[in-house]
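A quick write-up on the structure given underneath.
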Amino acid sequence: MPRSVDSGGHAESRLRRIEAVTDSALAHLDLEQLLPELLKRVRELLDADTATVLLLDSGGEHLVAAAASGIEEEVRQGVRIPIGEGFAGHIAASRKPLVIQQVDPTTVVNPLLWEKGIRSLAGVPLLAGGEMLGVLHVGTLNSTPFTEDDVEVLQVAGDRLALATRTGLTRGERAAASALQRTLLPALLPAIPGLQLSARYAPGEASGVSGDWYDVFTLPSGWLCVAVGDVVGRGLAAATVMSRVRTATRSYALDSDSPTEVLTRLDRHMRHFEPQTMVTMAYAMWEPSLSRIHLSLAGHLAPVLARPGERAELIELPVDPPIGIGTAPVQRRSVTVGIPQGATVLFYTDGLVERRDRSLDDGLALLCETVATGPTEPLCSRVMSRLVGTSPTDDDIAVLAMRRQEAEELREISFELDAIPEVLADVRATLRRWLPSAGATPEEAGDMLVVVGEACSNVIEHAYGPLGGTLSLRLEAREGEVLATVGDTGHWRSPRGTHRGKGTELMHQLSDDLRFEHGPGGTLVHIRKNVTGGDPA
């Protein structure tokens, strides 16, 4: 349908277009049927070449491709758009329609759009009851601009879609499945100073919830644990078992100091409580320094390691039986692998490399050709594009990329934490990872652990009342010294009890410079420590 009409037929044409997307017959379709039908109608009405629906993920910080027409690979590759970035991210952040006629890396963050040859885009927010649910956008391969009438029709379609989405998500069975699905994957990957992390999850085109998952979590000791696995089977049952596996893995990790011990205890657990279940899994533990990982495989494919200046390759290690196989425990094995700065480790599930028209060996070879050092977000996009492309996928796919950052990236880091005693373990873990890279010797790092820990403890104990507040920590590495700034936005409270106050004296003794800066907006503690372990590296 052309995008312009003569003035006499304008009102009639506009009415017909709106009726087409508000047809009462659509009310009887469930969400899975409504999405493709509505996208098809929108494309026809607006003479568009592509139409896509992106929904807000459980973390509330990304849009995830949920349905597409004319560019189906957006869904197959698990496209994720950060809120506030690019075309769709800007629409979600502003909650306003948007039309652009320049589609390139300066205006959109999804490379599929400009690679497809799209030259004009129009998009609208999906709002229901004031709640942001996602974005609907259309594109054309020619440069003819979308009109205000086009945007109005698109918004009518978006409103219907938003209402159907919200209704579908609140239905009993669908709500239960959706709630479970949201617990299967981390809403947000943890912020680990020294590591850059990105992930993708793309469901197979068969219906039902899957058993693929990935998990990243820290331990009080400062170690970082990574689990990527697959419960054999599909549907709600597989997803339920997978949720239990994740919980059990975290529990055993708290009391275990090696990946083989975690997997052995998990195997015993599954054989006893879930005797009909089989799970494949890669489990890794990063040392606090992030310089080495300890890795064990339970029937899972080996991760890919890309070192700076070298071709990526599969990590060589023995593959032990999957979790839940047999009636007797097996002697599990692990390897220790050095991870230099700038290196990338990529974990994945078998759906990424196994295809009906491609052997497993060919899939693994293609993966190794694709993985390289560099930022993890573009890497995930590149891996999904080359390994998945436009082909339908029968199996679910989970991908997790982890890159050890270079020294230059770590010269200055800062973050905010809740001012509660539990965060002190996170602070210590962060310092243990960062101080060696900043040139501190073990003795100097130990001094800084005490001084910064005491400053953070003072914030938690004295800066806030029962309602609590936030603690800020900034670390900076300079040649021959490290600087730490601990801050709060509260008001100082008198110490409880007597014979207290030795902490400040100790902080002076263990640091080379210590200053307290009090103001109406809170308190800053500036700490300087000379280091002799060399330049930050």
Side-chain angles (χ1 to χ4, degrees), residues 56-62 82-84 182-183 185-197 199 215-226 246-247 249-251 253-254 286 288 290 405 410 412-435 438 445 448-476 482-497 500 503-504 506-507 514-527:
L56 196 65
D57 71 354
S58 60
E61 294 193 4
H62 290 83
I83 300 297
R182 290 169 187 265
T183 66
L185 302 173
L188 294 173
L189 292 170
I192 308 294
L195 273 186
Q196 188 180 56
L197 292 81
D215 197 14
V216 184
F217 55 93
T218 58
L219 299 178
S221 60
W223 287 70
L224 176 70
C225 301
V226 180
R246 290 180 65 250
T247 300
T249 300
R250 288 189 168 204
S251 297
L254 286 171
W286 291 70
L290 302 179
Q405 293 176 291
L410 300 174
E412 183 177 330
I413 60 175
S414 59
F415 47 94
E416 251 187 21
L417 301 165
D418 291 330
I420 56 177
E422 289 78 7
V423 305
L424 293 176
D426 294 332
V427 171
R428 289 191 292 268
T430 296
L431 289 170
R432 289 192 183 100
R433 296 188 191 101
W434 182 79
L435 286 167
M448 283 296 286
L449 279 168
V450 174
V451 178
V452 175
E454 183 67 24
C456 292
S457 296
N458 285 340
V459 170
I460 294 169
E461 183 174 2
H462 301 300
Y464 301 104
L467 296 180
T470 58
L471 177 157
S472 64
L473 176 60
R474 179 173 173 271
L475 302 172
E476 183 180 356
V482 292
L483 307 176
T485 302
V486 178
D488 64 69
T489 58
H491 301 281
W492 191 264
R493 295 183 296 141
S494 300
R496 296 185 294 272
R500 300 170 67 93
T504 302
L506 182 62
M507 292 168 68
L514 179 68
R515 293 182 295 109
F516 294 85
E517 182 181 330
H518 300 286
T523 299
L524 293 176
V525 182
H526 302 279
I527 304 163

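One-based numbering along the sequence shown.
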For [X] and [Y], which heavy atoms make the closest approach, and how far apart are they?
| X | Y | result |
| --- | --- | --- |
| Ser221 | Pro288 | O-CG, 4.0 Å |
| Cys225 | Ala253 | SG-CB, 4.3 Å |
| Pro220 | Leu254 | CD-CD2, 3.9 Å |
| Leu417 | Phe415 | CD1-CE1, 3.8 Å |
| Gln405 | Leu195 | OE1-N, 3.4 Å |
| Trp223 | Trp286 | CE3-O, 3.3 Å |

[atom1]/[X] to [atom2]/[Y] distance, rounded to the nearest 0.5 angstrom?
| X | Y | atom1 | atom2 | answer |
| --- | --- | --- | --- | --- |
| Arg515 | Leu524 | CZ | CG | 9.5 Å |
| Gln196 | Leu189 | CD | CG | 11.0 Å |
| Leu410 | Arg433 | CG | CZ | 12.0 Å |
| Leu188 | Asp57 | CG | CG | 7.5 Å |
| Leu197 | Ile192 | CG | CD1 | 7.0 Å |
| Ile413 | Glu476 | CD1 | CD | 11.0 Å |

**Request:** Evaluate the criterion side-chain contact (heavy atoms from CB on, under 4.5 Å) for residue pair Arg432 and Leu449; output intermediate values, then yes/no.
**Result:** CA-CA 8 Å; Arg432 289 192 183 100; Leu449 279 168; 4.2 Å; yes
**Request:** Determine, step by step, whether Asn458 and Met507 satisfy the side-chain contact (heavy atoms from CB on, under 4.5 Å) criterion, reporting the C-alpha distance in whole Å, the side-chain angles of both residues, the deciding distance to 0.1 Å, and the verdict.
**Result:** CA-CA 12 Å; Asn458 285 340; Met507 292 168 68; 4.3 Å; yes
**Request:** Answer whether the closest heavy-atom distance between the side chains of Thr504 and Phe516 falls below 4.5 Å.
**Result:** yes
**Request:** Taking the side chain as every heavy atom from C-beta outward, state whether Thr249 and Asp215 have any atom pair closer than 4.5 Å.
**Result:** no
Who pairs with [X] by side chain to side chain donor-acceptor pair (under 3.5 Å), at least two apart in sequence or on another chain?
| X | answer |
| --- | --- |
| Glu416 | none |
| Glu61 | none |
| Thr489 | Tyr464 |

**Request:** Go through Ile460 and Ile420 one step at a time and tell me if the side-chain contact (heavy atoms from CB on, under 4.5 Å) criterion holds.
**Result:** CA-CA 6 Å; Ile460 294 169; Ile420 56 177; 5.6 Å; no
**Prompt:** Do Val459 and Val525 pass the side-chain contact (heavy atoms from CB on, under 4.5 Å) test, and can you show the C-alpha distance, the side-chain angles, and the key distance before you say yes or no?
**Reply:** CA-CA 10 Å; Val459 170; Val525 182; 5.9 Å; no
**Asked** Can any side-chain N or O of Asp488 pair as donor or acceptor with the backbone N or O of Gly490 at less than 3.5 Å?
**Response** yes
**Asked** Got a sec, which pairs hit side-chain hydrogen bond (donor to acceptor under 3.5 Å, both in side chains) with one end in residues 419-429, sequence neighbours left out?
**Response** none
**Item:** Pairing residues for Glu454 by the salt bridge (charged side-chain N to carboxylate O under 4.0 Å, His left out) criterion, not counting sequence neighbours
**Value:** none
**Request:** List in chain and number order the residues that pass side chain to side chain contact (heavy atoms under 4.5 Å, CB included) with Ala484, two or more places apart in sequence or in another chain; answer none if no residue qualifies.
**Result:**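 Only Met448, Val452, Leu475, Ile527 meet the side chain to side chain contact (heavy atoms under 4.5 Å, CB included) criterion with Ala484.
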